[in-house]
Asker: 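Handing you a structure now.
Letters A, B, ... are given to chains in the order of the sequence lines, protein chains preceding strands, and every chain is numbered from 1.
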Amino acid sequence: MEERHARTRAEADAGGVVGDDWRISVDGGTCIGAGICAGTAPTAFRLVNGVSTPTHDTVEADDAIRAAAESCPVEAITVRDREGTVIAPEP
Amino acid sequence: MTDTQRVVHAYPFSPPDRFKLDPFYAELRRREPLTRVRMPYGEEAWLATRYADVRTVLGDARFSRAASADRDEPRISPRKLEAGLLLMDPPEHTRLRRLVAKAFTARRVEQLRPRTQEVANELVDRMIATGPPADLVQHFATPLPITVICELLGVPVEDQDRFHVWSEAVVSTTSLSVEQIAGYIQNLFAYMRGLIAQRRQEPTEDLISALVRVRDEDNQRLSEDELVRLLTGLLAAGHETTVTQIPNFTYVLLTNPDKLAELRADPSLVPAAVEELMRYVPLGVASSFARYATEDVELGGVLVRAGEPVIGSLSSANRDEEVFPDPDSLDFGRSANPHIGFGHGAHHCVGAQLARMELQVAIDVLVRRFPELRFAVPEEELEWKSGMLVRGLKRMPVAW
Ligand code: HEM
Ligand code: SF4
């Protein structure tokens with residue numbers, strides 16, 4: 001467990017290392033269109049016909065995206081790392 | 001039309017009268033969706049009245065709440081809002097909001113439903129034991145949300161006589177003097193600091209303890225002052241609004257007996273009814289808090305210049321015929337109801353799922369347990385609050 005370079009504070013906060021990518025999915029049937037995600041991480045989420053839609057399926061690790069998933073009132077957003085482990089929301 | 005030729009309207013257009021929405025909103029949606037307005041306090045502003053534009057103002061990062069801090073924000077209260085979530089923009093706003101959001105997800109709120117039902121039924125038991133008439137505001141609508149938010153936060157319910165009075169300061173515009181408001185808010189802060197100190201000594205299973213833990217583990221995430229304000233904000237917002245909406249919804253049902261009969265015949269309509277009532281009741285006396293454009297933005301056919309404030313009318317948006325067919329009628333069967341009664345975007349109400357659950361329980365219990373609920377005084381004699389941000393009844397004497 002030595003191979004990775006030491007994490008900076010920002011990287012640790014983002015829950016990954018720089019260059020790590022995350023997969024975002026939104027359950028359109030659960031989403032109530034409150035727009036908190038798009039307001040919190042506008043580069044990652046957009047409302048299309050009132051339903052949140054990730055702008056990209058894969059994004060660079062970014063704490064704002066994790067925060068958006070944590071802030072969704074109906075937990076419609078799932079963020080996973082490259083290995084498929086759920087990063088947000090917390091169970 | 002250049003901006004200098006535009007008529008500036010005094011806003012709100014008319015004093016609140018029950019739940020009537022001034023017909024001028026409908027005219028503006030048709031004719032001039034972005035309008036110049038002057039409110040009793042603060043600088044001139046744009047008012048957005050169409051659903052799509054109001055959602056943009058609330059949801060688009062080019063409109064800032066934080067920028068209002070050093071401006072003379074347009075408003076109906078002499079006093080400007082204190083610091084808090086509603087005065088911040090992402091990412092600062094996000095840092096605080098994510099700490100509390102978890103406690104208010106639909107999943108967490110569902111766990112509070114059985115207890116909320118129990119409290120509601122106990123309150124009704126007590127009303128029935130005492131016999132009619134009862135004041136629905138005092139005996140049902142006030143204690144229900146207060147008990148729920150207190151238990152969630154970890155605030156002793158027995159103290160409600162004290163902090164309920166102080167909490168009015170948060171939604172007051174002119175019902176209290178500026179000095180009273182400032183004093184009450186200080187009281188709330190001092191009270192909350194006391195509880196925080198207690199939980200530091202003896203943590204329990206509640207949101208105060210959870211946030212104290214966050215704060216003490218990593219003070220970069222939450223300062224002591226932010227902790228106090230966040231919890232005080234939740235305590236105040238957590239009951240003032242729902243306390244008002246329970247009687248408001250009851251009023252609409254009692255004055256629309258066919259709708260009430262629909263719910264009685266089929267209580268499974270209650271969740272849809274709550275959404276429709278959220279859409280239909282123009283709760284706010286004025287509009288949303290102002291957002292300041294951080295760059296030039298094309299909106300509703302005008303160019304909003306960087307630095308200009310825009311307010312959005314949630315009530316007008318919720319009656320926009322482009323989105324809601326036959327918008328002025330109360331219809332529990334709407335196939336889609338994307339109302340923005342809880343706001344939209346980054347500041348979308350933290351307590352929305354909690355408030356929904358409380359309102360569903362309250363209406364369900366009232367409909368089931370009082371088959372002949374009615375006003376105990378003629379409708380014209382009901383007393384309405386004034387000098388508040390929201391429309392609501394002071395008292396609602398009912399019989400059954
Ligand atoms: C029927 C009841 C309620 C209604 C109609 C309501 C409405 C709203 C609206 C419209 C906003 C957005 C304001 C804006 O963007 O200008 C808001 C924000 C907020 N509400 Fe509620 N609310 C209700 C209940 C609650 C409850 C129960 C809580 C407590 C947990 C709460 C806590 C908050 C907080 C903390 C904010 C600020 C959020 C932020 O700035 O990120 N509300 N509410
Ligand atoms: S925050 Fe959740 S409910 Fe709101 S738009 Fe985003 S995904 Fe949908």
Side-chain angles (χ1 to χ4, degrees), chain A residues 7-16 22 24-55 59-79 86-91, chain B residues 51-52 54-65 85 88-110 210 218 220-221 271 275 278 291 294 323 336-357:
Chain A
R7 290 178 171 199
T8 64
R9 177 62 211 262
E11 286 165 1
D13 271 356
W22 287 353
I24 307 181
S25 57
V26 175
D27 176 355
T30 304
C31 169
I32 53 168
I36 298 156
C37 53
T40 305
T43 54
F45 301 94
R46 201 161 26 107
L47 288 190
V48 179
N49 297 324
V51 176
S52 172
T53 315
T55 50
V59 293
E60 211 168 283
D62 176 354
D63 194 41
I65 293 170
R66 187 162 65 179
E70 285 174 5
S71 304
C72 173
V74 292
E75 297 173 288
I77 302 171
T78 310
V79 182
V86 174
I87 289 175
E90 287 170 22
Chain B
Y51 181 87
V54 176
R55 280 225 319 199
T56 301
V57 173
L58 300 179
D60 190 313
R62 291 172 298 171
F63 290 99
S64 159
R65 270 300 295 154
L85 281 177
M88 304 168 94
D89 291 338
E92 273 293 281
H93 169 261
T94 313
R95 177 175 58 84
L96 293 188
R97 171 130 180 174
R98 71 193 297 183
L99 298 176
V100 293
K102 282 194 276 261
F104 294 95
T105 60
R107 189 160 51 105
R108 292 286 290 276
V109 160
E110 237 6 82
D218 183 355
Q220 306 251 302
R221 290 177 73 190
E275 296 309 309
M278 276 296 303
R291 268 70 173 172
T294 54
V323 180
N337 197 341
H339 70 79
I340 52 170
F342 289 111
H344 184 73
H347 295 282
H348 177 271
C349 179
V350 173
Q353 307 308 315
L354 179 65
R356 287 193 154 102
M357 185 275 285

Asker: Which atoms of B:R356 come close to chain A, meaning under 4.5 Å heavy atom to heavy atom: side chain ones, backbone ones, both, or neither?
Answerer: side chain

Asker: In Å and rounded to the nearest 0.5 Å, what is the CD to OG1 distance from A:E70 to B:T105?
Answerer: 11.5 Å

Asker: Under a 4.5 Å cutoff for heavy-atom pairs, which residue among B:R55, B:R97, B:Q353, B:H348 has the most contacts with chain A?
Answerer: B:H348

Asker: B:H93, B:R108, B:H347, B:R107: which one forms the most heavy-atom pairs within less than 4.5 Å of chain A?
Answerer: B:R107

Asker: Between A:V74 and B:A106, what is the shortest heavy-atom contact and its length?
Answerer: CG1-CB, 4.1 Å

Asker: Is it the backbone or the side chain of A:A64 that comes under 4.5 Å from a heavy atom of chain B, or both, or neither?
Answerer: neither

Asker: Check A:P42 against B:A61 and note the closest heavy-atom contact, atom names and distance.
Answerer: CG-CB, 4.3 Å

Asker: If I measure from the heavy atoms of chain B, does A:C72 come under 4.5 Å with its side chain, its backbone, both, or neither?
Answerer: backbone

